[in-house]
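Structure record follows, encoded as structure tokens.
Reckoned from all heavy atoms, side chains included, excluding hydrogens, waters and symmetry mates. Each chain gets a letter, A, B and so on, in the order its sequence line appears, and its residues count up from 1.
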Amino acid sequence: MIDLRLIREQPEQVRAAIATLNTQAPIDEILATDTRRRALLTEVEALKAERNEGSKLVKGAKDPAERQSLIDNLRLLGENIQRLDDEARATDAALHDLLLQVPNLPAKGVPVGPDESGNVVVSEHGTKRVFDFPPKPHWEIAERLGIIDFDRGVKVAGSRNYVLRGDGARLQRALITWMLDLHTREHGYTEVYPPYLVLGEMLVGTGNLPKFSETLFHDAEEDKWLIPTAEVPVTNLYREEILDEGQLPIYHVAYTPCFRREQLSGGREVRGIKRGYQFDKVEMVKFVHPDTSDEEHRRLLRDAEKVLQALELPYRLLQICTGDLSFTAANKVDLETWAAGTEEWLEVSSCSTFRDFQARRANIRFRPAGGGKPQFVHTLNGSGLALPRTMISIIEHYQREDGTVEIPSVLQPYLGGQSVIEPQPPIGPARVASQQSVVGGRVT
RNA sequence: GGAGAGGUGGCCGAGCGGUUUAAGGCGGCUGUCUUGAAAACAGUUGGGCGAAAGCCCCGGGGGUUCGAAUCCCUCCCUCUCCGCCA
């Protein structure tokens, strides 16, 4: 949510900013509703002041007849107050609903562009591997190795689902643990494990609701929503709170699955594990002092880049232009890594700053150290990273001619020193290193 | 899920229709005193809307009343016991 005062005092600037976003906002309606709301408030508050005075007179009135006549007058007043109050409340609610539909305004320096074609490649890092054999797409490699089972995923959960198996599942688990360790040990984040099923208000806070309900999974019975990203529960951790300035900045990192209802068409765009209804992600979320938020955004980006650097994968930074900016972001830079097999750039991270947009919606504030009015914090977040696409890049980049896949050295300690993913054993009883049987009752 | 108890200011805790425009205590801040600190004493102490006057906020929402923290309805949450359960 942007500041109502800004719309009230500089409507033309707001209109101009929104015009660059390739979207629309009900600015005229907001201005009219705001004027109306303020008029109603002035009127009803004057009446309430009158009633408060009148009530004191009733209390002091000893003569029953005089008392009764005072009460009769006040009853009339009360009816007017009731009517105006209802109207004021309805107007206020309408205004709030309208404000929720206004997108965040782009930060200074965000390039103006009509849509994704206006995005700017800022820099490219690492080098794309040159193969002395034709590299394969990850689905071919993974299926042959037996680390991803597409058919059974679809059987169990419908289209766009897959099952990681054996070293495929282990690779993802190693990546998650390693990423969490990296961000907590080297970048100063505190790990949290949040709920995956949240109240609707949380999604209003982050800006997913009310506009984008069609992209979310919702349980109508309990009225709870599956999170589309850890950003939702983690950003809302401090909602309705007034933090001390000294507590800022707060850095959190969380691993969660993410659930997204997407209208997926068949074909190349959805081949493999690039896009699904469910995927895992390690997410970084920051709560910072407004003065530091630009610097914090740069640091967030560096923290995400570090993951790709350590994995030794080629990547590039993509500055998102105004026309491609999401509803909530003031500025956004994507990290894309190269998929050597399908020869395309894959978005593995979006590092966004929301300034006070989410903080306003979720009412997250801090009290300045010197005292004074609470102010909204700035929130930022970025993936660090999304798992499936990181897996794709690893599998395709580190593939060998014989169909096996090298494991990036930084991950090897997380896989018991293993350095290569070999074909998985066929379905059947797994071999166990030491054949000690489980004793003493069932393991549940 | 069932039965009972309860949700009041940063915390504890009174209040049960009108001196509450929320007592009292603790904590915090400021001052006096002190070399400094403690103690003592005095003052102060949340949020929202509004240019201001003022209005609103006692878990959320609704109602009764001239007037509600106080009465009624409803929802949510916490605690205790029971049931179920990784």
Side-chain angles (χ1 to χ4, degrees), chain A residues 1-10 30-100 193 195-205 219-225 233 236-247 257 356 359-377 438 440-444:
Chain A
M1 184 164 357
I2 67 172
D3 193 351
L4 171 60
R5 218 159 302 176
L6 186 67
I7 300 178
R8 190 150 69 205
E9 287 164 12
Q10 306 181 4
I30 286 171
L31 288 170
T33 310
D34 178 46
T35 304
R36 174 158 176 66
R37 175 182 145 272
R38 295 167 80 191
L40 282 166
L41 235 42
T42 309
E43 195 178 350
V44 75
E45 284 180 8
L47 292 183
K48 280 181 178 176
E50 201 179 319
R51 180 177 69 183
N52 288 346
E53 287 306 308
S55 282
K56 284 180 195 161
L57 291 181
V58 172
K59 204 182 71 179
K62 298 289 178 246
D63 177 51
E66 184 195 343
R67 186 185 167 86
Q68 192 52 50
S69 103
L70 283 170
I71 289 178
D72 289 344
N73 285 339
L74 285 178
R75 181 173 295 131
L76 222 79
L77 193 59
E79 284 163 10
N80 277 332
I81 289 174
Q82 175 89 329
R83 189 172 48 76
L84 286 170
D85 233 0
D86 286 350
E87 215 174 325
R89 203 176 308 129
T91 309
D92 193 59
L95 181 62
H96 189 249
D97 287 349
L98 287 167
L99 282 170
L100 287 180
Y193 169 83
Y196 301 165
L197 211 46
V198 299
L199 302 171
E201 266 310 300
M202 306 306 116
L203 289 142
V204 175
D219 177 67
E221 201 120 334
E222 298 286 339
D223 193 20
K224 300 235 172 129
W225 302 72
N236 281 286
L237 237 34
Y238 305 108
R239 73 177 357 253
E240 312 286 347
E241 290 192 32
I242 301 174
L243 302 160
D244 292 326
E245 181 174 341
Q247 293 178 291
D356 62 2
R360 239 172 239 289
R361 287 178 161 241
N363 199 20
I364 309 168
R365 294 173 292 172
F366 71 95
R367 192 179 301 284
K373 288 275 178 196
Q375 294 178 36
F376 291 109
V377 302
V438 178
R442 74 199 172 102
V443 177
T444 56

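As the counterpart of B/G67, no nucleotide is assigned, since no Watson-Crick or G-U wobble pattern has both distances under 3.5 Å. As the counterpart of B/G9, no nucleotide is assigned, since no Watson-Crick or G-U wobble pattern has both distances under 3.5 Å. Pair assignment for B/U34: none, as no Watson-Crick or G-U wobble contacts are both less than 3.5 Å. Pairing for B/G4 is with B/C79, a Watson-Crick or G-U wobble pair whose two hydrogen-bonding atom distances lie under 3.5 Å.
On the P atoms, B/C85 is 44 Å away from B/G15, given to the nearest whole Å. Look at the P atom in both B/C72 and B/G7: the space between them is 14 Å, to the nearest Å. The same atom, C1', is picked in B/C16 and in B/A68; the two are 11 Å apart, to the nearest Å. Across B/G27 and B/C11, the matching P atoms stand 16 Å from one another, rounded to whole Å. As rounded to the nearest Å, B/C55 and B/U64 have P atoms that lie 23 Å from one another. Rounded to whole Å, the P atom of B/U32 lies 23 Å from the corresponding atom of B/G25. Straight-line distance between the C1' atoms of B/G67 and B/C76: roughly 28 Å, to the nearest whole Å. Nucleotides B/U44 and B/A22 are separated by 14 Å at their P atoms, to the nearest Å.
One finds no salt bridge joining A/Lys224 and A/Asp219 here, because no Lys/Arg side-chain nitrogen approaches an Asp/Glu carboxylate oxygen to under 4.0 Å. The pair A/Asp72-A/Arg75 meets the salt-bridge criterion, since a charged nitrogen lies less than 4.0 angstrom from a carboxylate oxygen.
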Interface polar pairs with nucleotides 17-20 of chain B, N/O, under 3.5 angstrom:
| unit_1 | atom_1 | unit_2 | atom_2 | d |
| --- | --- | --- | --- | --- |
| B/G18 | O2' | A/Lys59 | NZ | 3.0 |
| B/G18 | O6 | A/Arg67 | NH2 | 2.9 |

Are there any protein N/O atoms within less than 3.5 Å of an N/O atom in nucleotides 49-51 of chain B, and if so, which ones and at what distance?
| unit_1 | atom_1 | unit_2 | atom_2 | d |
| --- | --- | --- | --- | --- |
| B/C49 | O2' | A/Arg37 | NH2 | 3.3 |
| B/G50 | OP1 | A/Arg8 | NH2 | 2.9 |
| B/G50 | OP2 | A/Arg5 | NH2 | 3.3 |
| B/A51 | OP1 | A/Arg38 | NH2 | 3.2 |

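Distances were taken from every side-chain heavy atom of A/Arg367 (C-beta onward) to each of B/G47, B/C66, B/G48; the shortest belongs to B/G47. Of the candidate nucleotides B/G48, B/C56, B/G62, B/C56 has the atom nearest to the side chain of A/Arg51. Which of B/G47, B/U64, B/C55 sits closest to the side chain of A/Arg365 comes down to B/G47.
Remark: C1' of B/C56 and CG of A/Asn52 are 11 Å apart, rounded to the nearest angstrom.
Of all non-hydrogen atoms in A/Val204 and A/Arg361, the two that sit nearest each other are O-NH1, 2.8 Å.
Note on A/Asp92: nothing from the nucleic acid sits closer than 4.0 angstrom, heavy atoms only.
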